Every structure is written in structure tokens, then in C-alpha cells.
Amino acid sequence: RYLFYVSISKAFRETGSKIMHGAAGQKRITVAFINNYPVALPKPEEQSQIVGFLDETLKRVDSLITKKQRLIKLLKEKRAAIITRAVTKGLDPNAPMKDSGVKWVGKMPQEWNLVRFKHTARMKYGSSLPLELRNDGDFLVYGSNGPVGVNSCANTSAPVVVLGRKGSFGKVNYSDKPVFAIDTTYYIDRSCTDYHLKWLFYLLQVLDLDSVSMDTGVPGLSREHVHDLIIPNCSYAEQRRISVFLDNVTSKLDSFISKIEKSIGLLKEYRSSLITAAVTGKIDVREEVP
């Protein structure tokens with residue numbers, strides 16, 4: 001158990017990472033590194049004390065991390081529920097409703113109608129990024145997971161919605177600046193729609209696109225599948241009101257989630273540092289163990 005803590009200590013991991021070899025994604029340490037790694041080895045009874053201290057302390061830290069992760073999960077579920085309700089029910093709780101006939105939509109305001117997505121917007125394919133442009137410029141480059149760099153050439157106008165097409169397919173991003181949408185993405189800008197783009201951004205988030213893979217090799221999102229989806233539709237003015245409302249609500253939730261994620265990162269850093277300090281003799285835990 002003591003050697004287990006040595007092997008997950010920050011000191012062991014950082015030293016090992018410096019001598020790892022092999023192809024990207026397949027890098028590894030050698031048996032020789034493990035065999036020759038110098039271990040601060042106290043007497044067996046002190047090893048047991050260190051293990052007892054770490055077991056008890058890390059149990060409390062891990063419990064706190066788990067609670068914070070559970071809170072993040074609940075906040076994300078709340079965020080998704082608010083978005084879903086807004087884009088399917090509108091903002092007026094007293095609005096007369098009707099049955100949409102679509103299971104995931106349920107009831108919707110009487111003045112709304114259902115349309116196929118292709119009648120609101122057409123998705124365009126992203127492009128391969130030219131080599132000569134990869135290290136120059138002012139425009140965000142968007143990949144499947146979001147912004148990944150800057151570039152001097154944009155292939156979209158602004159604002160723009162970018163969707164993951166390959167890899168992290170179905171992920172939805174929004175930018176109020178021109179971007180270069182790379183070839184693992186689709187994008188929707190003013191050339192693709194007359195609808196409110198921020199409203200489309202929120203709508204696409206509730207369509208569960210990341211659960212749909214249409215390729216047998218690399219998982220991918222089919223443009224035809226999205227175009228064929230039936231969605232609730234409202235006036236442009238209502239789309240704008242919904243977008244403003246959701247911007248306000250989600251920004252507050254995202255800020256709260258970000259703070260919790262930062263606190264989890266600090267706890268994990270503390271956890272790692274504590275293990276290293278205990279197994280290298282930087283702290284004396286003998287008085288801490290009953």
C-alpha cells in the first residue's frame with residue numbers, strides 16, 4: 001500500500017513522464033525506470049502510519065470531490081432542462097398550449113408550428129486548414145470540441161454555429177466572430193439561414209446529436225440526419241427573446257460550474273501534493289495517526 005502511494009505520487013509521475021518513449025498516444029515508461037526509482041523507505045511501522053494517514057485524509061478529500069462532481073452533474077442537468085423548456089415551451093407560462101405530436105417536444109404554444117430542420121437552416125461542411133495559414137492571424141479555428149487556435153483566414157461569417165462532425169461529433173459551439181471551421185465540423189452562418197443563430201445554437205443542444213453515429217468506422221454525424229429532424233418553430237422575435245433569456249441563465253450556471261470545477265482541480269492538486277509530501281518525508285504524519 002505504501003508503494004502504491006509512491007507510484008501515484010506527483011514526484012513519481014513527473015519524473016516518469018520525462019523519460020517516457022514511444023509513439024504519440026503509446027508512450028510508456030520502462031521496467032528499468034521503475035526498478036531504479038529511488039524510494040524513501042522508512043521502517044515498516046512508519047510506512048503503516050503514512051498509509052493510515054493518507055487513507056483517512058484522502059477518503060475525506062475524495063468524498064468532497066465526489067460531492068462537487070455530483071453538484072456539477074445536477075447543475076448541467078438543470079441547464080439542459082431550462083434550455084429544453086425554453087425552446088419547446090417558450091417563455092410565457094400562461095401561453096395556450098397544444099399537443100405537438102412529437103414525443104420529445106410534448107406540448108408547445110398554439111401559435112408555434114413544427115418544421116424539418118432543413119427548412120430553418122442548411123449545414124455546410126468545414127474545410128481543410130491550409131498549411132501556410134496555420135500559424136498566423138486573428139480568427140478562431142474551430143474543431144469538433146470548440147476553439148483550438150487562431151488563423152488568418154475565416155471560412156464563415158459571424159455569428160456562426162459550429163457542430164462536431166467527426167470525432168467528438170454532435171458537440172455544438174457558437175462564435176460571434178468569424179471562424180475557420182475545419183473539416184471535422186459542420187457550420188451554420190448567415191449564408192445558411194434566416195433564423196436567429198443563437199436560438200439555433202440552443203435548439204441544437206437539445207437534439208442529443210452526440211448520441212447519433214452514422215458511420216461504421218470513425219463515429220460521425222450525418223448532415224442528412226440533422227436536416228430531417230422535426231423541430232418546434234416560433235417567430236424570429238420569440239427566437240431572439242428566448243436567446244437573450246438563455247444567455248442570461250446559462251452564463252450564471254456556467255460561471256458557477258466553472259468555479260466548482262476550479263475547486264475540484266485545487267483539491268486534486270492538494271491530494272497529489274499531500275501524497276508526495278507524505279512518501280518523501282516532507283511532512284511528519286506520525287502524530288496525525290491515532
Side-chain angles (χ1 to χ4, degrees), residues 79-80 83 86-87 115-210 212 214 218-227 229 231 233-255 257-258:
R79 185 186 191 278
I83 294 173
V87 299
V115 296
R116 293 200 182 275
F117 189 88
K118 62 185 176 183
H119 297 306
T120 67
R122 303 290 291 183
M123 302 192 306
K124 290 185 176 181
Y125 286 94
S127 308
S128 297
L129 188 61
L131 273 173
E132 66 272 16
L133 299 176
R134 291 186 180 180
N135 298 308
D136 178 36
D138 304 314
F139 294 100
L140 286 172
V141 177
Y142 267 66
S144 295
N145 278 324
V148 294
V150 294
N151 194 266
S152 62
C153 179
N155 59 358
T156 74
S157 61
V160 58
V161 177
V162 182
L163 295 87
R165 182 172 71 87
K166 294 285 187 181
S168 298
F169 58 91
K171 302 301 180 184
V172 188
N173 296 280
Y174 176 88
S175 175
D176 56 8
K177 296 179 180 179
V179 305
F180 192 102
I182 63 176
D183 53 5
T184 57
T185 67
Y186 297 117
Y187 70 88
I188 304 170
D189 62 7
R190 279 280 160 250
S191 68
C192 310
T193 184
D194 293 326
Y195 284 69
H196 197 281
L197 276 155
K198 185 55 91 59
W199 173 78
L200 285 171
F201 163 69
Y202 285 120
L203 176 68
L204 284 163
Q205 291 182 55
V206 308
L207 297 181
D208 196 24
L209 300 179
D210 59 354
V212 180
M214 306 302 290
V218 179
L221 179 66
S222 163
R223 180 171 66 165
E224 287 68 31
H225 168 79
V226 180
H227 283 170
L229 292 174
I231 62 170
N233 181 35
C234 55
S235 69
Y236 189 92
E238 183 71 3
Q239 292 172 20
R240 184 180 181 281
R241 284 193 293 269
I242 290 171
S243 299
V244 171
F245 167 77
L246 290 176
D247 280 349
N248 182 51
V249 173
T250 58
S251 65
K252 291 177 181 177
L253 286 171
D254 289 344
S255 177
I257 290 171
S258 179

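Given the structure is predicted, the values throughout are model-derived calculations rather than measurements.
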Decide if the gap between the ring center of Y125 and the ring center of Y186 is smaller than 6.0 angstrom. yes
Please report the interatomic distance CG(D247) to CD1(I242), rounded to the nearest 0.5 Å. 12.0 Å
Side-chain contact, heavy-atom cut-off 4.5 Å: S175 with T156? no
Closest heavy-atom contact between A158 and P178? CB-N, 3.5 Å
Exceeds 12 heavy-atom contacts within 6.0 angstrom, atom CG of D194: no
Distance (rounded to the nearest 0.5 Å) between L246 CG and L253 CG: 10.5 Å
Stepwise side-chain contact (heavy atoms from CB on, under 4.5 Å) test for L197 and V160: CA-CA 7 Å; L197 276 155; V160 58; over 6 Å; no
By side chain to side chain donor-acceptor pair (under 3.5 Å), T120 pairs with (sequence neighbours left out) none
How far apart are the closest heavy atoms of C234 and W199, and which atoms are they? SG-NE1, 4.2 Å
Does a sphere of radius 6.0 Å around CZ in R240 hold more than 12 heavy atoms from other residues, nucleotides or ligands, not counting ones at 6.0 Å or beyond? no
Output yes when a side-chain donor or acceptor of D183 lies under 3.5 Å from a complementary backbone atom of G126, and no otherwise. no
Just wondering, do M123 and L163 contact through their side chains at under 4.5 Å, heavy atoms? yes
Do I231 and V87 have side chains that approach each other closer than 4.5 Å (heavy atoms only, starting at C-beta)? no
For the side chain of S255 and the backbone of S251, is there at least one donor-acceptor N/O pair under 3.5 Å apart? no
Give the C-alpha distance, both sets of side-chain angles, the deciding distance and a yes or no for salt bridge (Lys or Arg N to Asp or Glu O under 4.0 Å) between R79 and D254. CA-CA 9 Å; R79 185 186 191 278; D254 289 344; 2.8 Å; yes
Could you give me the CA-CA distance, side-chain angles and deciding distance for L204 and V161, then say whether side-chain contact (heavy atoms from CB on, under 4.5 Å) is met? CA-CA 9 Å; L204 284 163; V161 177; 3.9 Å; yes
Minimum heavy-atom separation for A121 and T193, please, with both atom names. CB-CB, 3.7 Å
To the nearest 0.5 angstrom, please state how far the OG atom of S191 sits from the CZ atom of R122. 12.5 Å
Which word best sums up how the rings of H227 and F117 line up, parallel for under 30°, tilted for 30 to 60°, or perpendicular for over 60°? parallel
Examine distances only and state if a side-chain atom of Q239 and a backbone atom of H196 form a donor-acceptor pair shorter than 3.5 Å. yes
Test side-chain contact (heavy atoms from CB on, under 4.5 Å) applied to V162 and V172, step by step: CA-CA 6 Å; V162 182; V172 188; over 6 Å; no
When you compare the side chains of N155 and Y187, does any donor N or O come within less than 3.5 Å of an acceptor on the partner? no
Where S243 and K198 come nearest, the two heavy atoms and their spacing: OG-C, 3.6 Å
What distance separates Q205 CD from L200 CG, expressed to the nearest 0.5 Å? 11.5 Å
With sequence neighbours left out, the residues meeting ring pair (Phe, Tyr, Trp, His ring centres under 6.0 Å) with F201 are Y174
